[in-house]
Amino acid sequence: MFWYRNLIKLSTPTKSKTPITKNLLQASLSHFSTANQPPASAQAQPSGLGPTKPHDKPRVVVLGSGWAGCRLMKGLDPKLYDIVCVSPRNHMVFTPLLASTCVGTLEFRSVAEPIARIQPSISSAPGSYFFLANSTAVDTENHEVHCETVTDGTGTLDPWKFKISYDKLVIASGAQASTFGIHGVKEHAIFLREVHHAQEIRRKLLLNLMLSDVPGLPEEEKRRLLHCVVVGGGPTGVEFSGELSDFIRRDVHERYTHVKDYIHVTLIEANEILSSFDDRLRHYAIKHLTKSGVRLVRGIVKDVKPENLVLTDGSEVPYGLLVWSTGVGPSPFVNSLGLPKSPGGRIGVDEWLRVPTVQDVFSIGDCSGFLESTGKPVLPALAQVAERQGKYLANLLNKICKDGGGHANGAKDMNLGDPFEYKHLGSMATVGRFKALVDLRQSKEAKGISLAGFVSWFIWRSAYLTRVVSWRNRFYVAINWLTTFVFGRDISRI
């Protein structure tokens, strides 16, 4: 047979002194051998991406993959620009639904949208890239960004430093959680801003539930392990408290009957919860949260210890899980930049979201704010602000390139058209148990529609389902909601 004759030929020894397999192995390993190569110090080190040439497409470098940066990349025309994104994560987080993942209402991947789906050219166009890295410095004179790769810790590769030349730079690196310099917050509290934060909260919550069921555990220790404390009465803190209380009433009471009388939620706020909402809605939220078992405490945290926190009045609050949600402030990277700052320490921008003291640098999202010279107030750190800034700037950059100003220093005296204008579309927050708040006023003093109850909850879910970036994730979210409604939340600790 034909295949049998070929097998005999291949198995017959050849006259070569070196077997074929050995030759192939040596050829493969020769690519990794260093015996005939010069020392590492003598080799040319890659410097990153150099400046673009006049006949090439101009390059837009985006620092960050949050609401602002991803909406910008989605709106940029890849036929006009090469798009380069630098971020420590390769996805966008749909933050309004992040609290639901902590208790199993939604799966974690339902709120994470890969950047390659938001802007496909990142993974397909020859001159567009995504780099998993942190930005460490910006050289505005040479139009360069200094970066350092992200690694997973001590057991991985050392960080690699490189530079990227840009024609247009958009700083959308976001902000970090505010700790107000309180001792122990970073060491013992968990923030709720990223998917890994939600994963950590979920693991610790379920671990405490299982540990509290161990025989012989003192009652005082059991109460501490099952005491969940949330610091911060904004929308994120209230939504997490509502989701957690709903999880306790609907799932914990059925599946952890031995400890159901010990688990409690405490929400600590220095002023009024949901201070930006209508007074009627705030009172409704307070009433509903209290009815759901959430204890509301007005106080200021003075110190955070491993097992309890201390308020300014001297009282101590023991906890097993501490979630910190007290707003955001500028990150160390933003503080290190030698750029003008707006009130609050953000990067100062003008009416067109440009940094006015340098060429070709823009800033959007939570890391930016209007300069005092513009006469405009600093906008709140909201997803809708960041998204609309990203959309506006994408259209502006596309216009600049079409008018011939895409390359570095090419838009010095160009007419940019209408400046950015922001109109608040309203606020929404869920408080658990099929209840939510919807405030559609443009400001706290303005008149408008404000609703509370089941209808608001339906509007809240419908609005966020339509705002999820892709149809893929909309399908995931809808299926997760249906599964949770029918079968309850998943309590597996993975």
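For the numbers below, each heavy atom of this structure counts, side chains included, while hydrogens, waters and symmetry mates do not. Position 1 is the first residue of the sequence, and the numbers go up from there.
- Under the 3.5 Å distance criterion, with hydrogens and angles disregarded, no donor-acceptor pair is assigned to the side chains of W481 and T483.
- Put simply, the residue from V150, T149, V86 that forms a side chain to side chain contact (heavy atoms under 4.5 Å, CB included) with N134 is V150.
- Although no hydrogens or angles enter the test, the distance criterion places no donor-acceptor pair under 3.5 Å between the side chain of D246 and the main chain of G242.
- A salt bridge is defined here as a Lys NZ or Arg NE, NH1 or NH2 lying under 4.0 Å from an Asp or Glu carboxylate O, and D167 with R59 fails to meet this definition.
- Under 4.0 Å is where a charged nitrogen must lie from a carboxylate oxygen, and between R203 and E200 no such pair does.
- For the 3.5 Å distance criterion, the side chains of S135 and H146 fail to qualify, holding no donor opposite an acceptor.
- For F131, the ring-ring contact (aromatic ring centres under 6.0 Å, His included) test picks out Y129, F162, with sequence neighbours left out.
- Evaluated for a side chain to side chain donor-acceptor pair (under 3.5 Å) with E243, the options T430, T101, T105 yield exactly one hit, T105.
- Taking the side chain to side chain contact (heavy atoms under 4.5 Å, CB included) definition, one finds that N409 meets it with H143, Q359, D360, K412, sequence neighbours left out.
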*Can N480 and S110 be said to form a side chain to side chain donor-acceptor pair (under 3.5 Å), step by step?*
CA-CA 8 Å; N480 288 166; S110 299; 2.6 Å; yes
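- No salt bridge links E351 with K376; every basic N to acidic carboxylate O contact stays at or beyond 4.0 Å.
- Checking Q384 against Y422 by side-chain atom types alone, a donor-acceptor pair falls below 3.5 Å.
- Under the 4.5 Å side-chain criterion, counting only non-hydrogen atoms from C-beta, V170 is not in contact with M73.
- Interatomic distance, L63 CG to C367 SG, rounded to the nearest 0.5 Å: 8.5 Å.
- Side-chain contact between E194 and V93 is present, with heavy atoms from C-beta onward closer than 4.5 Å.
- Within the 3.5 Å criterion, the main-chain N or O of P318 finds a donor-acceptor partner in the side chain of H227.
- Atom CD in Q199 sits 15.5 Å away from atom NZ in K204 (nearest 0.5 Å).
- Looking at heavy atoms from C-beta onward, L397 lies in side-chain contact with Y81 at the 4.5 angstrom threshold.
- For the pair S178 (side chain) and G329 (backbone), a donor-acceptor distance under 3.5 Å is present.
- Heavy atoms of other residues, nucleotides or ligands lying less than 6.0 angstrom from CD of E187 number more than 12.
- Pairs of residues two or more places apart, or lying in two chains, that qualify as ring pair (Phe, Tyr, Trp, His ring centres under 6.0 Å) and include a residue from residues 390-413 are Y392-F420.
- Counting only N and O atoms by type, the side chains of D139 and N142 include a donor and acceptor under 3.5 Å apart.
- For the pair Y476/E107, no side-chain contact is recorded, criterion being any heavy-atom separation below 4.5 Å from C-beta on.
- Remark: the E113 side chain and the S470 side chain contain an N/O donor-acceptor pair separated by less than 3.5 Å.
- Within the 4.5 Å cutoff, the side chain of R467 has heavy atoms near those of the E387 side chain.
- In the model, S65 has no side-chain atom that pairs as donor or acceptor with a side-chain atom of N90 under 3.5 Å.
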